Amino acid sequence: MPELPEVETALRGVSPYVLGKRVREVIVRDKRLRWPVLDTIHELEGCRIETGTRRAKYLLFGTAKGTLLLHLGMSGNLRVLPAETPFKKHDHLAITLEGGKQLRLHDPRRFGAALWIEGDPMDHPLLKDLGPEPLGDGFTAEHLQAACKGKTAAIKQVIMDAHVVVGVGNIYASEALFMAGINPRQAAGKVTKPKLGKLVKAIREVLAASIEMGGTTLRDFLNESGEPGYFKLTLRVYDRAGEPCRVCKTPIKRIVQGQRSTFFCPTCQK
DNA sequence: AAAACTACCTGAGTGC
DNA sequence: TGCACTCAGGTAGTTT
């Protein structure tokens, strides 16, 4: 599910309801997420949530005492509901706020995470070695060129490596490579400089456009108001194997790279 | 150092 | 209806 646009959409959706609110109670209904949810999560109780930010696909809710880090994994979503709303299966974490609302983490596959961090969250092992934000100033053509230099790994694998740039998931990796006219199997070190420049631009554009539209929806993602996003309607190659390329009509191909599906147009992406 | 692979988990869809 | 199978948006951690 959540690629970066969905995570950003979730953050924007819940922020108005949680920012400035004090946490009454943290309810752990199932601690078996990617890592066991520790009892330290209850340190959040009594704290006022002062900030809501995102780093890569991690959500950070800051208080004076520490930071709540959430990750939505493959199948997670956040909802804000009246605290008395019956729990659904897979509602693993619930944070009751002053005023009677509750922030809930729902995650069928349980690849998500919930951690309590004291001190600067950017020093946390999960965050300290991450590459630049794709929509930030640090993600430049020069940066990507330096990261690709001499690499034999496929360009798709490289742009999905969080040490190179964060937030480029499986859908948008395929989409951006199509937009830049790059074959996903090409060795990163062999992609020309101008193409890498185009790729930076494509990654920024596709992510920004999807955030604008409220995130792509596949399967179980619902945005904060319960309405699905509509970006899937405009996907260029992802999940379109056998269908005609929107530019040249060549059938879109599906291959497997690093145990993940890749979609591309053999004509437009040389 | 870099690349390849493993592990974690449920649910939807397909074919018989 | 049921069973067996494949596939799915992520990524830390391990092995080669």
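The shown structure was predicted, so the numbers you read here are calculated from the model rather than taken from an experiment. Scope of the values below: all heavy atoms of this structure, side chains included, with no hydrogens, waters or symmetry mates. Order of the sequence lines fixes the chain letters, A, B, ..., with proteins taken first and strands second; residue numbering starts at 1 for each chain.
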Euclidean distance, atom [atom1] of residue [X] to atom [atom2] of [N] [Å, nearest integer]:
| X | N | atom1 | atom2 | value |
| --- | --- | --- | --- | --- |
| A/Y58 | C/dG10 | OH | P | 12 Å |
| A/M160 | B/dA4 | CE | P | 14 Å |
| A/W35 | C/dG10 | CH2 | P | 15 Å |
| A/Q157 | B/dA1 | CD | C1' | 17 Å |
| A/L72 | B/dC9 | CG | C1' | 16 Å |
| A/E6 | C/dA8 | CD | P | 16 Å |
| A/H71 | C/dG13 | NE2 | P | 13 Å |
| A/K156 | B/dA4 | NZ | P | 13 Å |

Q) So what's the dot-bracket for DNA chain C: Watson-Crick or G-U pairs under 3.5 Å, [ ] if a pair crosses, | if it pairs off-strand? A) .|||||||.|||||||

(Q) Does A/R32 reach a base, just sugar-phosphate, or nothing at all? Heavy atoms under 4.0 Å. (A) nothing

Q.
Considering every strand and a 4.0 Å limit on heavy-atom distances, what is the contact class for A/Q259: base, sugar-phosphate, or nothing?
A. base

Could you tell me whether the side chain of [X] and the main chain of [Y] form a donor-acceptor pair under 3.5 Å?
| X | Y | value |
| --- | --- | --- |
| A/K21 | A/G99 | no |
| A/R22 | A/E45 | no |
| A/E175 | A/Y238 | yes |
| A/S15 | A/L11 | yes |

**Q.** Contacts of A/V200 that satisfy side chain to side chain contact (heavy atoms under 4.5 Å, CB included) - sequence neighbours left out
**A.** A/F139, A/L144, A/R204

**Q.** Lys/Arg-Asp/Glu bridge criterion (N-O < 4.0 Å) met for A/K65, A/E43
**A.** yes

Consider the side chain of [X], meaning its heavy atoms from C-beta on, and name the nucleotide among [options] that approaches it most closely.
| X | options | value |
| --- | --- | --- |
| A/R109 | B/dG11, B/dC9, C/dA12 | B/dC9 |
| A/P108 | B/dG11, C/dC7, C/dT11 | B/dG11 |
| A/R254 | C/dA12, C/dG10, C/dC7 | C/dC7 |

Q. How do A/K151 and A/G258 order along DNA chain B: which one's closest nucleotide is nearer the 5' end?
A. A/K151

Q) Toward the 5' end of DNA chain B, which comes first, A/G150 or A/R110, by nearest nucleotide? A) A/G150

**Q.** Aro-ring/base stack A/F111-B/dC8, d under 5.5 Å, angle under 30°
**A.** yes

Q: Taking atom types as modelled, find out whether A/H106 and A/D91 have a side-chain donor-acceptor pair closer than 3.5 angstrom.
A: yes

(Q) Rounding to an integer number of angstrom, what distance separates C/dT11 and B/dA1 when you compare their P atoms? (A) 23 Å

Q: Rounded to whole angstrom, note down the P distance from B/dC9 over to C/dC3.
A: 23 Å

Q. What residues, two or more places apart in sequence or in another chain, satisfy side-chain hydrogen bond (donor to acceptor under 3.5 Å, both in side chains) together with A/E133?
A. A/R54, A/R55

(Q) Tell me whether the side-chain N/O atoms of A/S75 come closer than 4.0 Å to OP1 or OP2 in B/dG11. (A) no

